[in-house]
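Sequence lines set the chain letters: A, B, ... in the order given, protein chains first and strands last, and positions in each chain run from 1. It should be emphasised that the depicted structure is a prediction, and the values quoted were computed from it without experimental measurement.
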Amino acid sequence: DAGITQSPRHKVTETGTPVTLRCHQTENHRYMYWYRQDPGHGLRLIHYSYGVKDTDKGEVSDGYSVSRSKTEDFLLTLESATSSQTSVYFCATGTGTGEQYFGPGTRLTVT
Amino acid sequence: GQQLNQSPQSMFIQEGEDVSMNCTSSSIFNTWLWYKQDPGEGPVLLIALYKAGELTSNGRLTAQFGITRKDSFLNISASIPSDVGIYFCAGLLNAGNNRKLIWGLGTSLAVNP
């Protein structure tokens, strides 16, 4: 395993509030990713990072921002949570060979 | 967004049977990956394939990188109850700093003991 932790593991929040999810890795992997997983949609990439302070958008980036100030941590922020952002969020890391290693996930409910 | 065509969507089999699933794409990939996801957990990498025609095994699992580089196959032999879960394929398109995977929608496997 890649030594990936996510926090919190579960969160319930209200519409309109900001939310930050944290991903922490101990493997010194260059690449980090945020996905959301919803029934019928599989894994969809939100944002990814290819180095400290280097990030790019994925296919479902609207309403999300990310930051990576050090190799170990990749933060995902929902600026103003909406019910459509209720989902399970996975962080993953990778070395660049293509292999990605996933964290345990965060279940977010927006009421 | 771009997706791989993964089939079948679901399978219900008897313990001891062999299982086959596959992924196809209109794009050429440099790497094919197969993952398994158990309920409530993150996907776990099963097999990685890096060369066209490559055949790789991991215990009872065998995967192949299609010769056209547009498809991949996963076989599970002599299935057991702990094989239950969702299996995902993913392909890597290399482009500069881009190391994004393209994903299939998964094959849900149920095993009847």
Side-chain angles (χ1 to χ4, degrees), chain A residues 1-7 9-10 21 23-25 27 29-62 68 87-107, chain B residues 1-10 21 23 25 27-52 54 56 58 63 65 69 72 85-108:
Chain A
D1 289 358
I4 305 165
T5 56
Q6 293 185 230
S7 58
R9 294 294 313 279
H10 301 270
L21 308 182
C23 178
H24 179 77
Q25 59 136 335
E27 295 296 307
H29 286 170
R30 175 184 174 188
Y31 294 85
M32 297 186 75
Y33 306 83
W34 277 108
Y35 291 90
R36 60 178 290 174
Q37 187 174 39
D38 305 288
H41 291 277
L43 289 159
R44 292 184 291 175
L45 183 65
I46 305 171
H47 282 280
Y48 70 103
S49 169
Y50 48 94
V52 173
K53 293 189 168 59
D54 292 321
T55 65
D56 204 351
K57 295 178 180 180
E59 61 180 304
V60 290
S61 59
D62 287 349
R68 190 167 179 205
S87 187
V88 180
Y89 291 85
F90 287 102
C91 172
T93 71
T95 60
T97 61
E99 297 175 22
Q100 292 183 15
Y101 302 92
F102 284 79
T106 294
R107 184 171 294 276
Chain B
Q2 189 176 0
Q3 274 175 348
L4 301 176
N5 299 311
Q6 186 170 352
S7 64
Q9 276 189 321
S10 61
M21 59 191 78
C23 271
S25 171
S27 302
I28 291 175
F29 290 101
N30 299 314
T31 300
W32 282 93
L33 306 166
W34 285 92
Y35 287 82
K36 181 188 180 215
Q37 185 176 26
D38 291 328
E41 299 184 11
V44 173
L45 180 64
L46 298 173
I47 293 178
L49 302 158
Y50 298 103
K51 282 171 51 176
E54 180 181 355
T56 298
N58 178 5
F65 192 142
R69 296 169 63 193
S72 180
I86 303 177
Y87 292 80
F88 291 97
C89 62
L92 176 68
L93 293 170
N94 282 351
N97 285 314
N98 184 339
R99 292 292 184 271
K100 296 190 289 188
L101 293 177
I102 309 300
W103 293 85
L105 290 181
T107 294
S108 178

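- Smallest separation of non-hydrogen atoms from A/Q100 and B/Y35: O-OH, 2.7 Å.
- The backbone N or O of B/L101 lies less than 3.5 Å from no partner atom in the side chain of A/Y33, so there is not a single donor-acceptor pair.
- Side-chain atoms of A/Y101 do not come within 3.5 Å of backbone N or O of B/V44 as any donor-acceptor pair.
- Proximity to chain B is limited to the side chain of A/L45, based on heavy atoms less than 4.5 angstrom apart.
- Neither the backbone nor the side chain of B/Q6 comes within contact range of chain A, judged by heavy atoms closer than 4.5 Å.
- Rounding to the nearest 0.5 Å places CG of A/L43 at 12.0 Å from CD1 of B/I102.
- Judged as a side-chain hydrogen bond (donor to acceptor under 3.5 Å, both in side chains), and not counting sequence neighbours, A/S61 has no contacts.
- Under a cut-off of 6.0 angstrom, the local environment of CZ in A/R107 is sparse, with at most 12 non-hydrogen atoms contributed by other residues, nucleotides or ligands.
- When every heavy atom of A/K57 is checked against every heavy atom of B/K100, the shortest pair comes out as O-NZ, 3.9 Å.
- B/R99 contributes no side-chain N or O that, together with a main-chain N or O of A/G98, makes up a donor-acceptor pair within less than 3.5 Å.
- With sequence neighbours left out, the side-chain hydrogen bond (donor to acceptor under 3.5 Å, both in side chains) criterion links B/N58 to no other residue.
- For the pair A/T97/B/Y50, a side-chain contact is recorded, criterion being any heavy-atom separation below 4.5 Å from C-beta on.
- Residues B/W103 and A/H41 form no side-chain contact, since every pair of their non-hydrogen atoms from C-beta on lies 4.5 Å or further apart.
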